[in-house]
Amino acid sequence: MVDFHQARWNEPLIFELSIPGTIGHSIPPVESDIRQAIGSIDSIIPAGLRRDSAPQLPDVPEQQVVRHYTRLSQMNYAVSLGTYPLGSCTMKYNPLIDESLAQMPGFAWLHPSQDPKTAQGALELMWELEQWIAEITGMDAVTLQPSAGAHGEFTGVMLIREYHRQVTKEWTDRHEMLIPDAAHGTNPASATMAGYRVVVVPSNDEGLVDLDALKEAAGPRTAGLMLTNPNTIGVFEKNIEEITGIVHDAGGLVYYDGANLNAIMGIVRPGDMGFDVVHVNLHKTFSTPHGGGGPGAGPVGVKKDLEEFLPVPRIVRGENGFFDLDYDRPKSIGKVHSFYGNFGVLLRAYAYIYALGGAGLKRSSELAVLNANYVAHHIKQLKGFSLPCSQDDPRMHECVISASELKESTGVTAMNVAKRLLDFGIHAPTIYFPLIVEEALMIEPTESESKRELDLFIAAMKQVSEEAHSNPDIVKHAPTNTALRLLDEYKAAHPSTLTLSWRMYRQKQQSAE
Ligand SMILES: *Cc1c(COP(=O)(O)O)cnc(C)c1O
């Protein structure tokens with residue numbers, strides 16, 4: 001096993017390092033002719049936007065700032081340090097070249113308010129990316145605006161609502177959204193935000209959509225069904241055409257949660273499975289690093305019938321070959337994002353797809369599936385772990401392992417296992433999701449992990465299984481090799497114990513005095 005020890009700095013807060021009057025950076029004085037040209041600060045910044053006092057920033061020299069943040073980063077974990085098998089999240093290593101392309105000044109310094117005539121390259125790039133996502137998903141038209149998966153879902157559900165409002169004219173009767181019980185939590189949240197009542201469709205023993213229950217649930221009140229396929233167990237819904245057929249026959253539309261497209265690119269397309277709307281997460285599958293709430297993109301693709309409802313502006317190519325923005329779409333649901341979305345994320349996706357091409361995307365899906373099955377195959381044989389649901393079916397981009405036998409025989413839970421993995425320099429998998437599996441460990445290795453890394457992960461799981469049986473306390477008290485040891489889960493998540501800002505910290509200190 002790797003001998004892993006995370007750095008453990010007793011690092012103060014940056015505010016505590018502050019010595020008033022210390023200068024971290026010297027800005028050259030503004031030359032007098034420039035100063036004259038811009039006039040006084042008072043004349044260029046409106047009164048309402050001016051501060052009375054300087055912002056409360058710490059006074060720290062540059063070198064100390066750099067060391068402070070480097071130390072903090074050493075106490076953190078990242079995909080550039082090791083395996084990050086967080087199921088349903090696709091935390092894969094992304095090619096660095098896509099980062100440098102996103103930083104090219106011609107793109108990075110574009111201003112979204114620029115005249116489209118001066119941003120033809122960016123518009124063409126987005127226009128082409130729309131076509132590529134349409135091709136990959138089997139849809140007719142795509143919007144790039146939504147900034148996350150959940151935002152894409154919300155946009156997609158709004159499109160379904162608009163369809164029922166303007167086309168079937170049944171939107172007041174069709175107020176139910178069907179969602180399987182294994183769905184990602186954002187699905188019911190998005191449907192509820194769009195005004196729908198969520199009707200939960202149970203899974204059968206195999207972890208697939210229960211067709212009888214679906215038939216019973218679908219009817220004149222159904223606006224649509226939101227489905228993830230491959231589902232959260234990591235299995236491809238066998239009866240997918242029957243599922244989309246049942247909902248269509250009932251008059252509803254079918255939404256495909258394509259947050260995790262890793263298993264199917266170039267192999268099968270939601271559009272061909274009968275789906276009407278799909279979103280994909282560019283920050284999972286298409287090369288934008290994510291986690292921590294950074295910018296993302298959740299483009300939405302639709303079939304022809306829904307195209308006129310897509311958000312404005314639409315990127316259009318005129319007869320003269322010039323690209324422009326079309327706001328004149330009277331049936332559109334309106335805007336869902338400022339300007340056109342998170343351009344830097346779109347740029348990375350463009351670079352990624354361009355570099356891989358059709359054959360490369362397909363290959364990466366094949367490898368993602370191979371890796372998930374390799375891991376599932378080895379881990380299900382370890383004492384205490386099992387592969388519940390559809391045992392004989394292959395896994396797609398991820399696998400869900402249950403630690404319920406381990407818990408029963410040793411008292412070691414999925415949570416303990418996840419924390420012990422940190423001691424080996426491996427990020428914990430997703431745990432306790434999907435809810436239909438007890439003591440779930442949801443593992444998504446992704447295509448970017450090598451066999452060597454997968455073998456290390458499997459070896460770590462083997463050691464955890466052995467420890468759980470021989471000396472369960474080791475596992476229960478883990479992690480010990482990390483910057484912070486075992487945390488109190490309740491305190492680590494509860495607002496009353498969290499101190500989220502310097503100001504809050506000061507207030508707490510003052511009220512304690
Ligand atoms: C990640 C994920 C989402 C949500 O995407 P965000 O960008 O985090 O909003 C939705 N559905 C599934 C299946 C996901 O894995």
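Reckoned from all heavy atoms, side chains included, excluding hydrogens, waters and symmetry mates. One-based numbering, in listed order, for ligands and for the atoms of each.
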Worksheet entry | Residue T186 vicinity, atoms of ligand 1 by number, heavy atom under 4.0 Å | 3 (C), 4 (C), 10 (C), 11 (N)
Worksheet item: Do any nitrogen or oxygen atoms of G149 come within less than 3.5 Å of a nitrogen or oxygen of ligand 1?
Response: yes
Worksheet item: Is there at least one protein heavy-atom neighbour under 4.0 Å from atom 5 (O) of ligand 1?
Response: yes
Worksheet item: With distance as the sole criterion, is a donor-acceptor pair present between the side chains of E438 and Y432 under 3.5 Å?
Response: no
Worksheet item: Can a salt bridge be assigned to the pair R452 and D455 using a cut-off of 4.0 Å between side-chain N and carboxylate O?
Response: no
Fill in: Protein heavy atom at shortest distance from atom 1 (C) of ligand 1
K284 NZ, 1.4 Å
Worksheet entry | H151 and ligand 1 - part of the residue with a heavy-atom distance under 4.0 Å | neither
Discussion item. Quick check on L325: does its CG atom have over 12 non-hydrogen neighbours (other residues, nucleotides or ligands) under 6.0 Å away?
Written reply: yes
Practice prompt. Would you mind running through ligand 1 and noting each atom that sits below 4.0 Å from a heavy atom of A148?
Written response: 7 (O), 9 (O)
Fill in: S88-ligand 1 polar pair, N/O distance under 3.5 Å
yes
Item to complete: Indicate whether the side chain of D98 and that of S287 have a donor and an acceptor atom separated by less than 3.5 Å.
Response: yes
Practice prompt. Return yes or no for this condition: an N or O of D257 is under 3.5 Å from an N or O of ligand 1.
Written response: yes
Worksheet item: Within less than 4.0 angstrom of ligand 1, does H290 place any heavy atom?
Response: no
Worksheet item: Which residue holds the protein heavy atom closest to atom 9 (O) of ligand 1, what is that atom called, and what is the gap in Å?
Response: A150 N, 2.8 Å
Item to complete: For E128 and Y350, test the side chains for any donor-to-acceptor distance below 3.5 angstrom and give the result as yes or no.
Response: yes
Item to complete: List every atom of ligand 1 that sits less than 4.0 Å from any heavy atom of A259, numbering the atoms from 1 in the order shown and giving each element.
Response: 2 (C), 3 (C), 10 (C), 11 (N), 12 (C), 13 (C), 14 (C), 15 (O)
Worksheet item: E444 and S88: side-chain donor and acceptor closer than 3.5 Å?
Response: no
Worksheet, complete the sentence: Here the atoms of ligand 1 under 4.0 Å from any heavy atom belonging to H283 are 7 (O)
Worksheet item: Do other residues, nucleotides or ligands put more than 12 heavy atoms under 6.0 Å from D205 CG?
Response: no
Worksheet item: Which bit of N260 gets closer than 4.0 Å to ligand 1, counting heavy atoms only: side chain, backbone, both or neither?
Response: side chain
Fill in: Main-chain N/O of M461 paired to S465 side chain as donor or acceptor, under 3.5 Å
no
Discussion item. Heavy atoms only, cut-off 4.0 Å: how does N281 contact ligand 1, side chain, backbone, both, or neither?
Written reply: side chain
Worksheet item: At a 4.0 Å threshold, what atoms of ligand 1 neighbour a non-hydrogen atom of E153?
Response: 10 (C), 11 (N)
Worksheet entry | Results of side-chain contact (heavy atoms from CB on, under 4.5 Å) for Q166 - residues two or more places apart only | E162, F309, K331
